[in-house]
There are 2 protein chains.
Amino acid sequence: MVKILIVDDEPDILEFLRYNLEKEQFVVFSAGDGITGFQIAKKELPDLIILDIMMPKMDGVELCRLIRADDHLKNTLITFLTAREEEYSQIAALDVGGDDYITKPIRPRVLISRIKALLRRKHKGSAEMEKETWLEFGNLRIDKEKVMIIKNGEQIDLARKELELLMLLVSKPGKVFSREEIFNKIWGNDVIVGNRTIDVHIRKLREKIGDDFIKTIKGIGYKFDF
Amino acid sequence: MVKILIVDDEPDILEFLRYNLEKEQFVVFSAGDGITGFQIAKKELPDLIILDIMMPKMDGVELCRLIRADDHLKNTLITFLTAREEEYSQIAALDVGGDDYITKPIRPRVLISRIKALLRRKHKGSAEMEKETWLEFGNLRIDKEKVMIIKNGEQIDLARKELELLMLLVSKPGKVFSREEIFNKIWGNDVIVGNRTIDVHIRKLREKIGDDFIKTIKGIGYKFDF
DNA sequence: ATCGATATTAATTAAATGTTAATTTTAAAG
DNA sequence: CTTTAAAATTAACATTTAATTAATATCGAT
């Protein structure tokens, strides 16, 4: 018996998920807010928790932190639900300890297969997590899996936006990303931030990883280069 | 040219969408009901169809099914329009094959960026195996995707105008572009710049990529040649 | 609720790019 | 071979765009 807890403030989504999961023989619990969700989780010890990122009272990211901090729950699988399609904002979710994320609109078949894959992976254990998948640029190593930046052997802590920015640029080394592209991918379609915000993040990034990696192409954008 | 079909029974919304989409250079078709919508879709084969879920005669969900069942239309992108309250109660609609949904009230900026994201995703998806899309002329490689010029393996950074100019010339190698043509394409019809401006940019370009690619046809214009 | 870290904004400075104008060179036509 | 219109070149100047900085706002952990 596999128990799944869904935490979302929209009743329609709860119902929709419950319907589809129960059709697959999962045992479903649900909660309409983070606090209730946490209580149920502690009581039922589900195998997987599906968390909406955007919720009133306590959002998904915060609840995730709580769960990861709880001795009985810390190893529970967590899948985030996010409205954004931009993958780099989802790094934030994974950074905080999520195991997967699913974007709305939710496709039942996708949902189910992702969940099954997660459960399978969990059971197999972390045996295959050994695969070292990092990128190396001179003295800079970028470990996408572990979300870790190492420079000259020293680990560097990047703030969230810095990390997202770096990951975006590094995803296609050499490619020039226009400001607009960066906005869309990192901030999302509907967020509007000022014009100089990117510059500031770029500067902080350069401060931390060194000036030689991120190049400005004036009038066009930025690129990661080595 | 990107064609978009809007199907909605409310004339106000049709007009509103048309205005905003045409402002973005999309070619817009519209229909006031599902049946007409389907007919237009079959005739025009649009790239994207925006469907109101709630409509008389044939609702959006039903039309979506029809579209997905039609050989010529089955891969067309579909975005649903939903009122906020019905948001997820109609989620079945997405299972039926919608690619996205947008909630009313519609914010133009959000609408546009969502649509562009969808189209981008579609194109990326159909490209599948990362087909390398560059042009090669002797020791010069032009990678439009990465906005990258490589000469003898060395990467060259071009300023914006230089890049635009090169891209224009390269778009039809061998064709002679008159000065007037170049002005119209790069500066636009209403901007007036002096006569020698092009020369200067041409010179800088030649300085960077080498003298052998851009030929002057005195009295007529310039061409990219190899 | 508070403190420290992170994110954003706004104002200023710096730098690269773009344009103009004056001058020299080129090449096509007579 | 000259003439002449067009293009190349050059350097000064203007404009645009990015970097920097400091101040303010927001977030998140305690």
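Just so it is clear: chains get the letters A, B, ... in the order the sequence lines come, proteins before strands, and each one is counted from 1.
The NZ atom of A:Lys204 sits 12 Å away from the P atom of C:dT9 (whole-angstrom rounding). For the pair B:Asn195 CG and C:dA21 P, the computed distance is 11 Å after rounding to whole Å. Between the CD atom of A:Glu162 and the P atom of C:dA5 there is a distance of 13 Å, given to the nearest Å. As a whole-Å value, the separation of B:Phe183 CZ from C:dG18 C1' is 12 Å. Atom-to-atom, NZ of A:Lys215 to P of D:dA18 comes out at 15 Å; the value is rounded to the nearest Å. Distance, A:Asp211 CG to C:dA15 P: 14 Å, rounded to whole Å. For B:Ile182 and D:dA7, the CD1 to C1' distance is 13 Å, given to the nearest whole Å. Remark: P of D:dA19 and CD1 of A:Ile202 are 7 Å apart, rounded to the nearest angstrom.
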What string of B, S and - do you get for nucleotides 20-28 of chain D 5' to 3' if you count protein non-hydrogen atoms under 4.0 Å? BB-------
Go along nucleotides 24-30 of chain C 5' to 3' and tag each nucleotide: B for a protein heavy atom under 4.0 Å from its base, S when only backbone or sugar atoms are that close, - otherwise. --BS---
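Scored by the side-chain contact (heavy atoms from CB on, under 4.5 Å) test, B:Asp157 finds A:Lys215, A:Ile217, A:Lys223, B:Gln155 as partners (sequence neighbours excluded). Shown here are the side-chain contact (heavy atoms from CB on, under 4.5 Å) partners of A:Val27, two or more places apart in sequence or in another chain: A:Met1, A:Lys3, A:Phe29. For the ring pair (Phe, Tyr, Trp, His ring centres under 6.0 Å) test, residues two or more places apart in sequence or in another chain that qualify with A:Phe213 are A:Phe224.
Between A:Asp199 and A:Arg179 a salt bridge is recorded (basic side-chain N to carboxylate O distance below 4.0 Å). Looking at B:Glu24 and B:Lys116, a side-chain N of the basic residue comes within less than 4.0 Å of a carboxylate O on the acidic one, giving a salt bridge.
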Could you give the side-chain donor-acceptor pairs of residues 166-178 of chain B under 3.5 Å, partners two or more places apart or in another chain?
| residue | atom | partner | partner atom | Å |
| --- | --- | --- | --- | --- |
| B:Ser171 | OG | B:Leu168 | O | 2.6 |
| B:Lys175 | NZ | B:Glu181 | OE2 | 3.1 |
| B:Ser178 | OG | B:Glu181 | N | 3.1 |

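Taking only side-chain nitrogens and oxygens, B:Thr197 comes nearer than 4.0 Å to OP1 or OP2 of C:dT20. Distances shown here put every side-chain N or O of B:His201 at or beyond 4.0 Å from the OP1 or OP2 atom of C:dT17. The phosphate of C:dT19 has OP1 or OP2 within less than 4.0 Å of a side-chain N or O from B:Trp187. One finds no side-chain N or O of A:Tyr222 lying less than 4.0 angstrom from the OP1 or OP2 phosphate oxygen of D:dT17. Look at B:Thr216 and you'll find a side-chain N or O under 4.0 angstrom from OP1 or OP2 of D:dA8.
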Would you check, one step at a time, whether the test side-chain contact (heavy atoms from CB on, under 4.5 Å) holds for A:Ile49 with A:Ile4? CA-CA 6 Å; A:Ile49 302 175; A:Ile4 298 181; over 6 Å; no
Is there a side-chain contact (heavy atoms from CB on, under 4.5 Å) between A:Leu77 and A:Leu119 once you walk through the steps? CA-CA 8 Å; A:Leu77 290 170; A:Leu119 292 166; 3.9 Å; yes
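The one candidate from A:Lys208, A:Arg206, A:Arg203, A:Lys204 that meets the salt bridge (Lys or Arg N to Asp or Glu O under 4.0 Å) condition with A:Glu162 is A:Lys208.
Comparing B:Gly194 and B:Lys208 by the nucleotide of DNA chain C whose heavy atom lies nearest to each, the residue mapping closer to the 5' end is B:Lys208.
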